[in-house]
Structures are given as C-alpha cells and as structure tokens.
Amino acid sequence: MSEVFKVTARQAGKFIVIAVEGYINNLAGEKVLDEFNRWTAEGYRHFVLNLEKTQLVNSIGVSILIEMIEKTQELNGSMAFCCLLPIIAKTFKIMGLTQYARVYETEAEAIAG
Amino acid sequence: MSANVPKRFELEIPIACDKELEATKVAERVAQEMQFGPDCVAEIKLALIEGIINAFEHSGSAIQKVLVEFAIHDEELEVVVQDFGQGFDASSKPNVRPLQRRGYGRVLMESLMDEVKYFTSPQGTRLVMKKRRPKCA
C-alpha cells in the first residue's frame with residue numbers, strides 16, 4: 001500500500017481493541033481481518049474497532065468489516081466501532097452496519113459498553 | 001477566461017492497486033479550492049474512490065487505465081470517471097440488503113453526491129457525478 005497503514009491490538013477487560021491507522025481498502029481490510037481472526041482463535045469474542053486514525057473506508061473495506069460483524073454474531077460476541085469521522089459514520093449508516101454494531105464517540109465509552 | 005467557463009483538470013489513472021488515491025489527492029485540492037468543508041471533501045473523495053474501483057473491477061477493459069476529470073463550475077464540482085470497458089445496464093438499480101458483502105459502490109456514490117449519471121456503451125462508461133457548492137460542512 002502506498003499510504004501508511006497500521007493495525008495494532010490490545011486487550012481491555014473482555015474486549016480486544018483493534019486500532020487502525022490509514023485508508024481501509026481490500027488489502028488493509030484483510031490485515032484487520034487477520035488481526036481479528038488471531039484473537040478469535042484465542043477465544044476472544046468482544047471487539048472494539050477504533051478508527052480514530054482512519055480517514056476513509058471504501059466499500060470493499062466495509063465488506064470485510066461486515067465479515068467480522070457476522071463472525072462475532074456467530075460467536076455470540078459483539079463488535080463496536082468508535083472515534084469515527086463523519087464520512088465513516090455516514091458510510092456505515094448507508095451500508096447498514098449500524099444496525100448490527102454499536103458506534104461510540106470514544107474508546108472509553110465503547111469499552112464501558 | 002469568463003467566470004462561466006468551467007476550469008477543468010484531467011488525469012490518467014492506471015488500473016492498479018491503490019492508484020485511486022492519486023485521484024483523491026487532486027480531488028481534495030480542487031474541492032478545498034472551491035471552499036468545500038472537510039466533510040464534503042471526504043464525501044467527494046469516497047465517491048470518487050468508489051467510481052474508480054467500479055471501473056477497475058467491473059469495466060472489463062482491455063485498456064489498463066481510467067480517465068478522471070474535474071470541472072469547477074460556478075455552482076458545483078463535476079467529477080467524471082471514464083473507463084474503456086464493455087459498458088453495463090445502468091437502468092438496473094442495485095438491490096442491496098443490510099450486511100450484504102458487495103454491491104454498495106453505486107449506492108454510496110448516489111448517497112454522497114448530489115447527482116450521479118452514467119453514459120454507457122460497449123465502448124466504455126462515463127460516470128458523471130456532481131456536488132453542489134457547500135451545503136455540507
């Protein structure tokens with residue numbers, strides 16, 4: 001990828017907070033999915049995706065996030081998003097994600113549930 | 001130049017991973033020059049990304065490039081994505097459901113821009129999107 005892209009994750013209680021930096025397209029989305037799958041393989045099922053440093057998510061990137069939401073549903077877990085720019089919040093609303101995953105203003109609110 | 005003659009920019013984008021971002025950098029500069037606020041600029045950039053990705057993925061073009069044009073009008077920004085593919089049936093509207101994995105590109109473009117039109121033929125598709133001067137932030 002030509003732009004900076006970084007995924008980091010940490011545990012916060014029952015949640016795994018995945019923080020993403022950069023434009024989420026197909027390749028970046030796959031990296032986020034790999035990180036998500038690594039934690040689900042260890043038994044975690046509650047996730048917060050912090051997109052504070054993400055400026056845009058294209059429709060292919062969103063389709064990968066949908067895959068993650070579906071997997072948390074299968075695991076009786078949860079997926080929440082936080083720190084969304086207005087364009088990302090609007091994209092998620094248009095694509096119906098907000099019906100299946102909660103959106104919080106801050107990471108602290110997301111972890112508090 | 002008369003105030004009513006649109007100022008135009010054109011660029012050629014090779015069909016390759018992440019090349020859509022080159023167009024968004026130009027879109028950002030043009031939109032900012034037109035006094036669009038950050039939210040509007042982001043909407044224009046995402047609509048452009050979706051238009052270019054659709055051309056990359058679905059045009060079936062043997063010519064490995066798309067053309068992107070920006071035209072600054074008095075009242076609106078016009079963004080054009082031209083591919084050299086096989087065209088498609090623009091009258092069939094995408095039928096998308098929540099959590100459907102693909103097929104949202106067109107819905108996104110139509111939601112983010114004020115006007116979206118396709119001029120399509122077996123020689124290619126010209127996607128014309130318009131955003132009126134700031135009503136968003």
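Residue numbering restarts at 1 for every chain, and letters A, B, ... go by the order of the sequence lines. What you are looking at is a predicted structure, and each value in this text was computed from that prediction instead of being measured.
No more than 12 heavy atoms of other residues, nucleotides or ligands shown are found within 6.0 angstrom of CZ on Arg102(A). More than 12 heavy atoms of other shown residues, nucleotides or ligands fall within 6.0 angstrom of atom NZ in Lys71(A). When the shell of 6.0 Å around CD of Glu75(B) is examined, it contains 12 or fewer heavy atoms from other residues, nucleotides or ligands.
Every residue two or more places apart in sequence or in another chain that forms a salt bridge (Lys or Arg N to Asp or Glu O under 4.0 Å) with Glu12(B) is listed here: Lys65(B). Among residues two or more places apart in sequence or in another chain, the salt bridge (Lys or Arg N to Asp or Glu O under 4.0 Å) test is passed with Glu33(B) by Lys7(B).
For the pair Tyr23(A) and Glu20(B), the minimum side-chain heavy-atom distance is below 4.5 Å. Looking only at side-chain heavy atoms (C-beta outward), Ser59(A) and Ile53(B) stay at 4.5 Å or farther from each other.
Considering all non-hydrogen atoms of both residues, Leu46(B) and Val57(A) come closest at CD1-O, 3.6 Å. Residues Ile94(A) and Tyr104(B) share a closest heavy-atom pair of O-CE2, 4.0 Å.
In this structure, chain B has a heavy atom under 4.5 Å from the side chain of Leu56(A), while its backbone stays farther away.
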Can you check side-chain contact (heavy atoms from CB on, under 4.5 Å) on Glu57(B) and Ile60(A), steps first, answer last?
CA-CA 11 Å; Glu57(B) 289 202 324; Ile60(A) 306 175; 3.6 Å; yes
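Atom CG of Asn58(A) is separated from atom CG of Leu48(B) by 12.0 Å, given to the nearest 0.5 angstrom.
Hydrophobic clustering of Ile, Leu, Val, Met, Phe, Trp and Tyr side chains at less than 4.5 Å, counting indirect connections, keeps Phe36(A) apart from Val17(A).
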